[in-house]
Every structure is written in C-alpha cells, then in structure tokens.
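The structure under discussion appears below in the form of structure tokens.
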Amino acid sequence: MDVSHLINALNPAQRAAVTADKPHTLVLAGAGSGKTRVLVHRIAWLLLTGQSHPHQILAVTFTNKAAKEMQARLVTLLAQPTQGLWVGTFHGIAHRLLRMHWREANLPQNFQILDNDDQLRALKRVIQSLQLDEKKWTPKQVQSFVNKCKDQGSRAQNLQPESRDMWLRQMQSIYHTYEEYCQRTGVIDFAEILLKAYELIRDNQELQAHYQQRFTDILVDEFQDTNSIQYQWLCLLAGKHGRLFVVGDDDQSIYSWRGAQIENLQNFPRDFPDNQVVKLEQNYRSTGNILAVANALIAHNKTRLGKELWTDGADGEPVFVYKAYDEHNEARFVAEKIQAWDGNLQEVAILYRTSAQSRVFEDALMTRQLPYRIYGGLRFYERAEVKDVLAYLRLIIHHHDDSAFERIINTPARGIGEKTVESIRAAARAKGLSLWQASEYLLNSQGFTKRSGTAVFAFQQLILEFAEQFQNLALHAQIDAIIKNSGLCEVYLKEGKEESQRRFENLDELSIAAQEFEASAKDGNDPVTTFLAHAALEAGEGQSKSVENCVQLMTLHLAKGLEFNQVFLCGLEEGLFPHENSLKEGSLEEERRLCYVGITRARQSLYLCHSESRYRYGQRDFSNMSRFIQEVPAELLEEIRLRSSYHNAFGNSTIPACTVYNVGDEVKHQVFGQGVVLEYEGQGDYMRVHVLFSEGKRWLIAGLAGLERV
DNA sequence: TCACTGTAATTTTTT
DNA sequence: ATTACAGTGA
C-alpha cells in the first residue's frame, strides 16, 4: 500500500522514527518536536504497511488526557475507528487485564480500587490495629514506604530486613498486614494495580504466552516517567519478539520523586541491544530566543543524553527578566502585562513552583477583572461528598468492603460514635470478620448498648434495603436514591452554609455524570463496577465549569505537555526555585529540568520573574535571584528595570531611590517612626535595610518602604 | 458529640 | 500566617 502521504508530511528525523525497522526504537523527542505526531504516525504506518493488525498494537501513556488525545488523533489520521487497538494509561491497561483475568489474578470479581485517600485511611486503621504509635509510624510515611515497595515490585514477604533493623521489620509487618487487609476486603490500590498486572503476566505462563504473541508492537509515551514495575511489565509483555517503540525526553523528567526512573530511558540502548535511537530536535513551538535560553539552561545538567533544540522560525522578541521587590509587585507586573496583551487570555499562562504562590496572582487578576483559572486541587471524584455516595454504592454491592463501611457508618451522623465503631473493629479483629459481619455478630450477641445497637441495626437495614431496591435500577437512579434516602442531602440542605450548597450541587452533578456515563457505556460489563472504576481511575476535572478565555494559572509540573503564546515563569528565587528541599535532597538537576519544562512551554513571549522578598511561613523572606536565571548568558536576556522612582505600598508618594544606608544611621519611617539601621544588604534601588524601631526590628527595602535618612 | 486549644508543618501529583 | 490535627474538657 502506498504510504507516501503518511510519510511526506514528516521531517527527516520524524520519518526515520516512524519507519524505524529495528526491533527496538528509542525516540528522544525534545519539547515541541512533534512527539505525539510521531507516535500516531508510527501506529498508522504499522497498520497501513500491513506489518501489524490493530489488535496486535498496545499504546501506553501516563495520563488519561494523553491517551484520549492519541486515540482521537489516530482516528482522525486513519479516518476510521481503531477497533481492537489498545490505547490507554498504564493503570487503565493493567486494570483491564485484571478485570478480564480476575480469577487468575486471585481477585474477587467485584474488586474495588482504593485511591490515595482511601489507601491512607486503610493504612491508618492497619497501624491502629497493630497497636502502634501513630506518631512514630505515621500513615503518610507508611503509605510512601508501601507504594515505593510496590513500585519496585516487592511484596512484604520479599523484603529481607536484617534482624537488627527494627524499623524495616516493623514496616514490613505493617505492609504485610495491609496486604492481608486488601486481600480480605477485596480492594486494590493504584500501585497494586500495576504490581498485580505484572505478577499476572509473570506467573501465568499461558497468559504470558498469549499476550507476548498478541502484542507484536508496544508503544510507550513519556518513557522517562516509567517506574521500575512499569518497565518490567513492558519488558515482560514485549517478550523476545515484541517490538518496543518508546518516546521520551530525559530533559523533561520531573517525576523522580514519585518513582520515575530516568535510567530506564538512559539505559534503553544498553538493555535492548538491537535498537535504533532517533533524536527529534527540530522545534515547532517556540521562537529562537526562547529555545536559546532553554538550551543554555539545560546544558548545565551533567547527566543527559544530549540534545539541542533548533527552529526554522524567527528569533522573536527577547526573553525578559523582571525583578520585583515583593510578591505583590511581581503579581502586579504580570497582571499589567496581561492587560496589555493583545490576544486570547487562554493563551497566557502564569507558572510557579508551589501552589501557594497562586494566591497573590489571583488577587492581582481579580482587581483588574481579568478572568483566570487555577489548575490543581481536589478533583471531582475526590471530593468528600462524592466519595461518600460512591462508598454507599461500594458497600451495597459488596458488604465486606471495610473501607467503604468505615467511611459511611456514621456519615451522615446517625449516632454511631467512635466507641461503637471501635467495638465493631475489635470484634472483627478477634473473629477475623469484616466490619459488616462483625456488626451482625454483635447485634446477634447483644454486644452493643441499646442505643448504638438500634443505630447499627438501622444502618444495616438501610444498606440492605438499597441492595434490594437496586436489583433492577439504573445506575443514576441508584445514585439518586442514595442521595435522597441516606440523609446526606438533608444534612447539606439544613446546614445552609455556602459550602454545603456547593456540596449539594456536586451531588447533583454526580447524578448527571452517572447518566452520561450510562449513555456512553459500552460492552456488557456491570455498569456500577465500571462506573466506580472510572471514578477512581479518572478523577475528573478540578472545576466543573470552565470559564471561557481565561488566564491559566498552574504549577510547573501541571504545565508539562502544554503550550501557550505568553508565559510568565514566576518566583525564580533561590530557595523557592530551586526549592530548598530539593537542594537538601540533591535533586538540583531535576529542578533545572522543571525550569526547562517551564521555558519550553512558551511559543512567542516569555517573562522570567523573581522577587527580592516574599512572605513565606508568616515571615518576610529575602532571597537571591535563582541560579537558573544566572546560568543563562546575559546577552540572551533583557532585563526590565523599574523606574528609579515609583509608587510604594504606603500611598502614592514618589520616593527617591539610590540613597545609601549604613549601619548606625538614624532613619525615619512614615509608619514605624524613628529607628536605627542594624545591618543592610545590597545597594541602590533594592537595598534591604534591617532597622530597629521602638516596636521591634523590621526588614525594609530602602526607598520603597517610606524610609528616609534623618 | 462538640468546641476549644496547643502544636507542628508548610514542593511538586497521576493513577 | 495559615492550617491541620490530636488532645482535652464541658
């Protein structure tokens, strides 16, 4: 078949990647170099040249968004639906395998997924059941331990602590008890999805042979983000004869803190001998000036495979650096630039290192009536009220789901206090029962006080009635019934707070989401289970209604994969970015990559902002310009200077700058009164002066804060 | 069960 | 400064 139309649209490097004929291909795809395009064209090429059938191809991504985009672009390119072709996230594909082969994976058919929050609660219970001190064995710490183990493929029984290593031995025992808890109550957490799917293929020879034979081509996006278990799972699925086509960028690896191993990419050529490496360095996104800055910065990293972006396009406007004197000034500068921006607001992004920085930008944009949207925060299916309703659904279909039981036994409050719940837990522990069974047992053996017995009985009746009533009810009708009859809705209506109103609306939205889910549901799987899995694996968007055409605010991590015409990279200060914690942990190179990611988001216009001071932890903090700005040759940057006099925080008086203050100088401040200079830093416009006033010491910025020499 | 109080921590986040 | 959370007392 003639595939020239497919190939001709590509540049030489892209073409080499798409038509690579070695069994294993590594595509080093720089930012904005057409990585998704290459993946999609590769699949199309495999199909159109007859090398593969759709059902022989597996394409894996990290996020649902990336998976959806790939799927959509594939359909467009092929001009037909892609039946039998598997495109999905690691978790999505692994979950699919586990649902198909639940028996072989030793899972109950209706197993449920624990999200991070559920997992944390479960671990907390486990720690308590082992009678451990929660201060010493904090659930958070245990959670990260367990997930790290699972990411590396270790079960509790595989750990081999030295006999003296009490810490590890204790962790092992918690991990082990948690494994039993999950097994007993039929739930799996996110890391477990991957681990179980890996073990399934590893230990079941029949399935292994089947899938190795089936998937002749495996394609992986964002390969630099794979962790150990994902890597092993890929190797296993590919087997001896499967072709691996992986795309990634070592310079954009920013998730090592959640287990990503950049080494997987760096070692690929060594691990898969018969391979081909293709570099995509031509950038179709940014101006020459922006790329020059990006290249100069990332060149400071030692451990990289090496790559330099270039463009056919124009140099564009210079990359600007703005020095603010505090975070409000930084925000004001950004907001004013955005006001003057001639274009769509959704093409403008404000990027920062920590979410706490967003507040000030919000204020500045709001006062100027510029619409904005902040990304991040709680997503729809993670909201407490939504999870409460889902927990009802879970408990109704599977009474032994202790996580769900704990969550709703007293939600809404029905007079079952901590003491009663603890007695149920104790009975469950003693008899090896689920909380549901333990409640029944205590009811039968008069184990409750009269009052709590009545309450627990009523709760069980409620769940049983739901179960009865739901036999032939559609999913959304079940959800409506839970909202109405569980008492959840009344509580919110009664409270009458603004918060409760929002929660109430979210429950309404849940019902609508369920209806939509049913309408688009495929195959004959149980809709309730499928919906619950959907809720866990695709937590949805943060905000229900997206405002049209608004400025985009997000952390640098969230910005990966996106692009904007105008980008403000803010808070470029030592200690904030690079973050002080990363300096301690020795992950400076990853911080630099994060900065590189931020820079390469910009198409036309890029501002690097930093502030001389900002409030951090309730204190005004002074810090130096980030080394990331200093690492870029000055000739690539253009500094935007403040006028030498301007309005200050205390009014509209114009203050002369460039006064020099010395230790011991008597000074006067328009608010704090008379004082003496204790020490100072810097010179000229931005001199920081530490002054002793009668009411205490204060750091001020000379010339800006209403300070005068007496 | 709720309200108050003291203490400690406070990067990044998908599935 | 802000917040979250455990502990205490009514």
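Everything numeric here is computed off the predicted structure, so don't read it as measured data. Just so it is clear: chains get the letters A, B, ... in the order the sequence lines come, proteins before strands, and each one is counted from 1.
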- prompt: A:Ile174 and A:Val126: which non-hydrogen atoms are nearest, and at how many Å?
  reply: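 Closest approach of A:Ile174 to A:Val126: O-CG1, 3.9 Å.
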
Going by an N to O cut-off under 4.0 Å, is there a salt bridge joining [X] and [Y]?
X        : Y        : result
A:Arg614 : A:Glu327 : no
A:Arg155 : A:Glu179 : yes
A:Arg593 : A:Glu590 : yes

Euclidean distance, atom CD1 of residue A:Ile374 to atom P of B:dT13 [Å, nearest integer]: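 It is 12 Å, rounded to the nearest whole Å.
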
field: Nearest-angstrom distance from the residue atom CZ of A:Arg258 to P of B:dT11
entry: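 It is 17 Å, rounded to the nearest whole Å.
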
For [N], does either OP1 or OP2 sit under 4.0 Å from a side-chain N or O belonging to [X]?
X        : N      : answer
A:Ser355 : B:dT12 : yes
A:Asn410 : B:dT1  : yes
A:Arg379 : B:dT15 : yes
A:Tyr617 : B:dT11 : yes
A:Asn64  : B:dT14 : no

Contacts to DNA chain B from [range], heavy-atom cutoff under 4.0 Å, which residues?
range                       : result
residues 570-579 of chain A : A:His579
residues 186-197 of chain A : A:Phe190
residues 116-124 of chain A : A:Asn116

- request: Verify the ring-centre separation between A:His101 and A:Tyr211: is it less than 6.0 angstrom?
  value: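 A:Tyr211 vs A:His101: aromatic centres under 6.0 Å.
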
query: So, A:Tyr381 versus A:His534, ring centres under 6.0 angstrom or not?
result: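 So the answer is yes for these two rings.
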
- prompt: Going by atom types alone, do A:Glu222 and A:Gln224 pair a side-chain donor with an acceptor below 3.5 Å?
  reply: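 Checked: A:Glu222/A:Gln224 side chains pair up, N/O donor to acceptor below 3.5 Å.
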
message: Is the ring pair A:Tyr255/A:Trp257 parallel, tilted or perpendicular, if the boundaries are 30 and 60 degrees?
response: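 Tilted: the ring planes of A:Tyr255 and A:Trp257 meet at 30° to 60°.
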
message: Can you classify the ring geometry of A:Tyr231 versus A:Phe223 as parallel (below 30°), tilted (30 to 60°) or perpendicular (above 60°)?
response: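 The rings of A:Tyr231 and A:Phe223 sit tilted, inter-plane angle from 30° to 60°.
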
message: Using a 6.0 Å cut-off, check whether atom CZ of A:Arg451 has over 12 heavy atoms from anything other than its own residue.
response: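 Not more than 12 within 6.0 Å, no.
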
query: Is a donor on one side and an acceptor on the other found under 3.5 Å between the side chain of A:Ser253 and the backbone of A:Asp250?
result: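 Between the backbone of A:Asp250 and the side chain of A:Ser253 there is no qualifying donor-acceptor contact (under 3.5 Å).
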
Pairwise 5' ranking along DNA chain B for A:Glu382 and A:Arg616, keeping only the more 5' one: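 By nearest-heavy-atom nucleotide position, the 5'-most residue is A:Arg616.
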
message: Return whichever of A:His557 or A:Ala413 has its heavy-atom-nearest nucleotide of DNA chain B closer to the 5' end.
response: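 Residue closer to the 5' terminus by nearest nucleotide: A:Ala413.
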
- prompt: Hey, is A:Trp257 stacking on B:dT12? Ring centres under 5.5 Å, planes under 30°.
  reply: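 Answer is yes, a stack.
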
- request: Sticking with atom P, work out how far B:dT13 lies from C:dT2, rounded to a whole angstrom.
  value: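 B:dT13 and C:dT2 have their P atoms separated by 22 Å.
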
